[in-house]
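These notes concern the structure reproduced below.
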Amino acid sequence: MTASLFINGKWTAGSGNRRGKVINPATGAEIGEVAYAEAADLDAALAAAEAAFRSWSQTSAYDRSRILRKAADLSRQRAGVIAESITREQGKPLAEARMEAGSAGDHIDWYAEEARRTYGRVIPARTPSTQQMVLLEPVGPVAAFSPWNFPIGQLVRKIAGALAAGCSIIAKAPEETPTCAIELTKCFEEAGVPAGALNLVFGVPAEISEHLIASPIIRKVSFTGSVPVGRHLGALSAQHLKRTTMELGGHAPFIVCDDADIASVAALGVGLKFRNAGQVCASPTRFLVQDGIFDNFLQAFVAGAEKLKVGDGAAEGIQMGPVAHARRLDAMEGFVRDAVAQGAELKAGGGRIGNTGFFFEPTVLTNVPNSARIMNEEPFGPIAVVNRFGDLEDAIAEANRLPYGLAAFAFSKRTDRTDRLMRGIETGMISINHFGLAAPETPFGGIKDSGHGSEGGAEGIQAYLTTKFVSQMNG
Ligand code: NAD
């Protein structure tokens, strides 16, 4: 019996008997199963979310905040166990999984604090006997869809943001990594989130999204995942006039000017590119390096990539684990084959490692033409392109060439250059001279095809609030 659905405060294996296999990507072995929700289970979750919304939205911000802070503490106490399950089911090195699990508490705490700051405002009226107020109210029951690449990091923002605002939520967590999502949900349950306010489901993603988004009970949809799926869910949501937050893919440029420090920037670039085996929406993919330092930067970057210790993320000292699915290996091979056929030079890696598990070499391509697929599609894997530029305006034009607009990175000691890059690059986020994205108190989100809306920062809770204008004349 696999009880992995949490509906109306109860753990259940659901009303059907469909199950998904959970695979350890480091071995390819089946290590568990996850129960799939049927339509009846989704209807039960919808009814529970609707009923719980009535009471949770009326629970004081003070009490919601207190419960959330308790959930944050529980998540910290259990971070070690949660991290081990992330590594087992998703593959990232234990050190990365520990950071992800450990930061869940910070995200929950941030939203717990924000719950008490959902200020409205008073608008001066035209007559002294009238009061005009703007109230912020929870939007209603939320349907949230979170991906497998950060199975805690992405899920926790949606759950904590919705609950902090006074919304109830049905979260569809990734079928690939159910255990950590279940553990996180237990933290909220044991902290005192009432039955029905948080529901957790797994299943066939398209069935669940179609069922939930079409329901009149759901008032808000939050999705993190690929651009094509985001487009599809955006269209479904528009059909039912549901508000959306879409955190979609990216193809981040990483611009290195000729006055930057080669060794430290190359080391940072290697760390960022191959973190989570490149399966990060903000992962840098196009390294654009200015002529004067191009050869030395490429050499340092390739040396860094070749030195990485790749293996089972559960083993000590591993710096890059497997990719999460066998299908990502096929995708990586396709990107490399296509780029090389179009004249790119392969400087490191390029192929899968062994036949056990889903390992792919840290890969570096250079002189890649813009016609290559890797220059246009998000690789979502351990492949870096290092290309050269001369004039800064050419780098900015290349950065903005794609319809993606999530994250960008830029390196220069000259403020005239960093200022031009900061203003000229079309993304939702830019990190200059360091890595500084994704803290709970900062907004995270993209523009253009990378989506809309922000998670985190003061903007995060706004996604779950509506504006009510009140005009009252003295009776
Ligand atoms: P995919 O497009 O099949 O799925 C992406 C995510 O959307 C998964 O979590 C999946 O469960 C979910 N999904 C798919 N169809 C859905 C539907 N109809 N309704 C609701 N959810 C649905 O791709 P994949 O092979 O799982 O992942 C690889 C691609 O996903 C990458 O190319 C990358 O662009 C994207 N991705 C992005 C992020 C991110 O953080 N923005 C995270 C994970 C995956």
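Side chains are part of it too, since the values below use all heavy atoms of this structure and drop only hydrogens, waters and symmetry mates. Just follow the structure's listing: the first ligand is 1, and inside any ligand the first atom is 1.
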Option set Ser226, Pro151, Ala143, Gly446, criterion heavy-atom distance to atom 35 (C) of ligand 1, minimum: Ser226

Arg373 charged N/C atom sitting above Phe335 aromatic ring, 6.0 Å / 45°: yes

Glu176, any N or O under 3.5 Å of ligand 1 N or O: no

Shortest protein heavy-atom distance from atom 28 (C) of ligand 1, along with the residue and atom involved: Arg328 NH1, 3.8 Å

Thr224 N/O under 3.5 Å from ligand 1 N/O: no

Which residue and heavy atom of the protein sit nearest atom 14 (C) of ligand 1, plus the separation: Val229 CG2, 3.5 Å

Subset of ligand 1 atoms that lie under 4.0 Å from at least one heavy atom of Gln154: 40 (O)

Backbone or side-chain N or O of Glu175 under 3.5 Å from ligand 1 N or O: no

Residue, atom name and distance, where the atom is the protein heavy atom closest to atom 27 (O) of ligand 1: Trp148 CZ2, 3.4 Å

Residue from Glu378, Arg286, Arg401 passing side-chain hydrogen bond (donor to acceptor under 3.5 Å, both in side chains) with His251: Arg286

Part of Glu210 with heavy atoms under 4.0 Å of ligand 1, whether side chain, backbone, both or neither: neither

Closest protein heavy atom to atom 33 (C) of ligand 1, given as residue, atom name and distance to 0.1 Å: Glu378 OE1, 3.2 Å

Region of Gln279 that comes within reach of ligand 1 [heavy atoms, distance under 4.0 Å]: neither

Where ligand 1 meets Glu247 - atom numbers and elements under 4.0 angstrom, heavy-atom basis: 41 (N)

Pair Trp110 and Phe444, ring centroids less than 6.0 Å apart: no

Ring pair (Phe, Tyr, Trp, His ring centres under 6.0 Å) between Tyr464 and Trp56, intermediate numbers included: CA-CA 14 Å; Tyr464 300 101; Trp56 184 245; over 10 Å; no

Pairing of Glu207 and Lys172 as salt bridge, 4.0 angstrom limit: no

Whether Phe301 and Phe287 hold their rings parallel, tilted or perpendicular, with breakpoints at 30° and 60°: tilted

Residues Lys448, Glu426: salt bridge by 4.0 Å N-O rule: yes

Heavy atom of protein inside 4.0 Å of atom 3 (O) of ligand 1, strictly below: no

Glu38 with Arg18: basic N within carboxylate O range, under 4.0 Å: yes

Any side-chain donor near an acceptor of the partner, Trp11 and Glu189, under 3.5 Å: yes

Heavy-atom closest pair, residues Val34 and Pro178: CG2-CB, 3.8 Å

For atom 36 (N) of ligand 1, the protein heavy atom that lies nearest, with its residue and separation: Phe380 CZ, 3.5 Å

Other residues, nucleotides, ligands: >12 heavy atoms within 6.0 Å of Asp330 CG: yes

Mode of Leu248 contact toward ligand 1 - side chain, backbone, both, neither (heavy atoms, under 4.0 Å): backbone

Those atoms of ligand 1 less than 4.0 Å from some heavy atom in Pro147: 9 (O), 42 (C), 43 (C)

Minimum-distance pair of heavy atoms, taken over all atoms of Ala438 and Thr442: N-OG1, 4.0 Å

Test of proximity, Arg327 against ligand 1: N or O pairs below 3.5 Å: yes

Under-4.0 Å heavy-atom contact with ligand 1, by part of Ala206 that carries it: both

Heavy-atom nearest neighbour in the protein, as seen from atom 11 (O) of ligand 1, with distance rounded to 0.1 Å: Pro205 CG, 3.8 Å

Protein contact to atom 17 (C) of ligand 1 [nearest heavy atom, distance to 0.1 Å]: Ser209 OG, 3.6 Å

Charged N-O contact under 4.0 Å between Glu455 and Lys158: yes

Protein heavy atom at shortest distance from atom 12 (C) of ligand 1: Phe223 CE1, 4.1 Å

